[in-house]
Amino acid sequence: MQLFEELKQRGLIAQCTNEEKVCDLLDNHTGVPFYIGFDATADSLHVGHFLQLVVMSRMQKAGHKPIALIGGATTMIGDPTGKTDMRKMLTREEIDHNAECFRVQMRRLVEFGEEKAVMVNNADWILPFNYMQFLREVGVHFSVNRMLTAECFKSRLEGKGLSFLEFNYMLLQSYDFLHLYRAMDCKLELGGDDQWSNIINGADLIRRVEGKDDAYGMTFTLLTTSEGKKMGKTEKGAVWLDPEKTSPYEFFQYWRNINDADVIKVMKLLTFISLDEIAQYEKREGSELNAVKEKLAYELTAMVHGAEDAEKALEAAKSVFGVGISSENMPTTELTHADFEAGNIGVLQLLVKCGLASSNGEARKLIMGGGISVDNEKIADTKASIHENSFENGEIIIKKGKKTFHKVIKTED
RNA sequence: GGGAGGUUUCCCGAGUGGCCAAAGGGGACAGACUGUAAAUCUGUUGUCUAUGACUUCGAUGGUUCGAAUCCAUCACCUCCCA
């Protein structure tokens, strides 16, 4: 199957400036340079970026040349698209640090090197720009009237207002495209669908400045749940690709617990599993989908963290939710003799100590709600305490709710 | 520069002197049901040595027996006019 058709069938393509031309470019040419921009707002990429990385990888596998643009300069402004609040301003140092972290994570999916993929930083060409020069070269081509009607500023115009600083974001991103068009013959900019306005303005700028209409843009479906919410957010924040921020097990579980309605969609979007194979999974219904979810979680974890970690996460999940409970990969808290009073420790203190409850009060409520078990015995009394002798094999297992397990071991001082 | 309004517990948002740890919704957590899903129903959602005490309603001072509520100053935000 041709690349464009595959992207389409996987449901990746949201909008395209000129479908025929882009299709031709992708399917009948090789080594086509294309770029995707990433703003270095945090020190790790997250699931939202992941889709872009996978796209880069697909394109690269099809013989094209990805340009990963790190927004060293644009991050200093912050993209106002779809945001209700202005972003926190980052210092140059923070941005550089973040960019470096991105670099490391991207390597998992995209192969960088001569004639392969390249990474560029727009700080290199934007920062040297002089203000007047920028206004005269780039600013003249933008109509404020038109910009104000752009969908991407809508929430800000109705809400908290848009600062001039952020208003410039679109110009800078547009200029990025122009720069890459000139410097690297890059004729295609890709991005999430929220980037549509920024992308078409870039293509527009090229048309005006260069007088050529062979710059194209294409956007990809945003990762949203069937309810229209952004995917990749949990109560703890984003689902990160950095194992320090989101452990492979948590990452695995995130996908394992995906909605029925989203499994196939996500599988098409994010994995390299063939469409034929996915079509088989699509026939499954009800609880049979559990196996598909497991497959999805495994695949994605392997893509991000490697097969070894994916295997571990799978095993850990199986042992926790499967037949017997294995305590091997559980989060663990160590207690010493000093933690006990006359050989006992109160359950409330224990829960807080393990981080299962943030206060004694919360611990008490959990117990009263019947949510806590120790070694498979439900704790009913908030005043209960655990004796040192309970640590027969040197450990006890606390279970909070259905999915949270915590191991406590007692060490000899 | 002038004028108006706002800042409430994780978020949105009610409350305009005691009945306020503060309605309602969202989210989150737990229970039931299940398939480690969704939906639904129930409970919880400031802290503590817990039928009580303490801390909280932008910040600081003040009025009052008593303040989220009134007054003053400061900070930040939004809107309107220039």
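The sequence lines fix the lettering, A, B, ..., with proteins before strands; numbering per chain opens at 1. In this text the structure is predicted, and so the values were computed from the model without any measurement.
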Verify the distance criterion only: is there a donor paired with an acceptor across the side chains of [X] and [Y] at less than 3.5 Å?
X	Y	answer
A:Thr332	A:His406	no
A:Glu6	A:Gln2	no
A:Asp43	A:Asn98	no
A:Asp242	A:Ser44	no

TODO: At under 4.0 Å between heavy atoms, which parts of nucleotides 50-55 of chain B does protein reach? Answer with one letter per nucleotide, 5' to 3': B base, S sugar-phosphate only, - none.
DONE: B-----
Take the protein atom [atom1] of [X] and the nucleotide atom [atom2] of [N], then report the distance between them rounded to whole Å.
X	N	atom1	atom2	answer
A:Lys378	B:A30	NZ	P	12 Å
A:Gln253	B:U36	CD	P	11 Å
A:Lys318	B:G35	NZ	P	19 Å
A:Ile398	B:A30	CD1	C1'	16 Å
A:Ile264	B:A37	CD1	C1'	14 Å
A:Phe252	B:U36	CZ	P	13 Å
A:Met368	B:A30	CE	P	16 Å
A:Glu288	B:A37	CD	P	18 Å

Under 3.5 Å on both distances, the Watson-Crick or G-U partner of [N]:
N	value
B:A21	none
B:U73	B:A59
B:C79	B:G3
B:C48	B:G52
B:C29	B:G43

Nearest-angstrom distance, [atom1] atom, [N] to [M]:
N	M	atom1	answer
B:C11	B:G62	P	29 Å
B:G5	B:G43	C1'	40 Å
B:G27	B:C71	P	38 Å
B:C70	B:G1	C1'	31 Å
B:G46	B:C41	C1'	28 Å
B:C20	B:U8	C1'	12 Å
B:C19	B:G6	P	23 Å
B:C29	B:C79	P	35 Å

Out of [options], whichever nucleotide has its closest atom nearest the side chain of [X]:
X	options	value
A:Lys402	B:A30, B:A37, B:C33	B:C33
A:Ser359	B:U47, B:U36, B:C29	B:U47
A:Asn257	B:G35, B:G31, B:A37	B:A37
A:Ala317	B:A30, B:U34, B:U36	B:U36
A:Lys403	B:A30, B:U36, B:G31	B:U36

Report all side-chain donor-acceptor pairs from residues 63-73 of chain A shorter than 3.5 Å, counting only partners two or more places apart or in another chain.
unit_1	atom_1	unit_2	atom_2	d
A:His64	ND1	A:Val32	N	3.2
A:His64	NE2	A:Leu26	O	2.8

TODO: Determine the contact category for A:Glu294: base if any of its heavy atoms lies under 4.0 Å from a base atom, sugar-phosphate if only primed atoms, P, OP1 or OP2 are that close, otherwise nothing.
DONE: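 Nothing: the residue A:Glu294, judged by heavy atoms under 4.0 Å, touches no strand.
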TODO: Select base, sugar-phosphate, or nothing to describe what A:Ile372 touches, counting heavy atoms under 4.0 Å on all strands.
DONE: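 Result for A:Ile372 = nothing.
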Task: First of A:Asp260 and A:Val352 reached from the 5' end of RNA chain B, by closest nucleotide - done: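 Between the two, 5'-proximity favours A:Asp260.
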Open item on the list: Please determine whether a side-chain nitrogen or oxygen atom of A:Ser287 lies at a distance below 4.0 Å from atom OP1 or OP2 of B:U34.
Closed with: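 Answer no for this pair, as no side-chain N or O of A:Ser287 is under 4.0 Å from OP1 or OP2.
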TODO: Taking side-chain hydrogen bond (donor to acceptor under 3.5 Å, both in side chains) as the test, write out the residues that go with A:Glu362, two or more places apart.
DONE: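 Only A:Ser358 meet the side-chain hydrogen bond (donor to acceptor under 3.5 Å, both in side chains) criterion with A:Glu362.
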Task: Pairs involving residues 265-301 of chain A, ordered by first then second residue, that meet ring pair (Phe, Tyr, Trp, His ring centres under 6.0 Å) (sequence neighbours left out) - done: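 Every pair satisfying ring pair (Phe, Tyr, Trp, His ring centres under 6.0 Å) with a residue in residues 265-301 of chain A: there are none.
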Task: Within residues 265-274 of chain A or reaching into it, pairs that qualify as side chain to side chain donor-acceptor pair (under 3.5 Å) - sequence neighbours excluded - done: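 Listed once each, the pairs would be none.
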For residues 339-357 of chain A, which side-chain donor-acceptor pairs fall under 3.5 Å, sequence neighbours excluded?
unit_1	atom_1	unit_2	atom_2	d
A:Asp339	OD2	A:Thr336	N	2.9
A:Asn344	OD1	A:His387	ND1	3.3

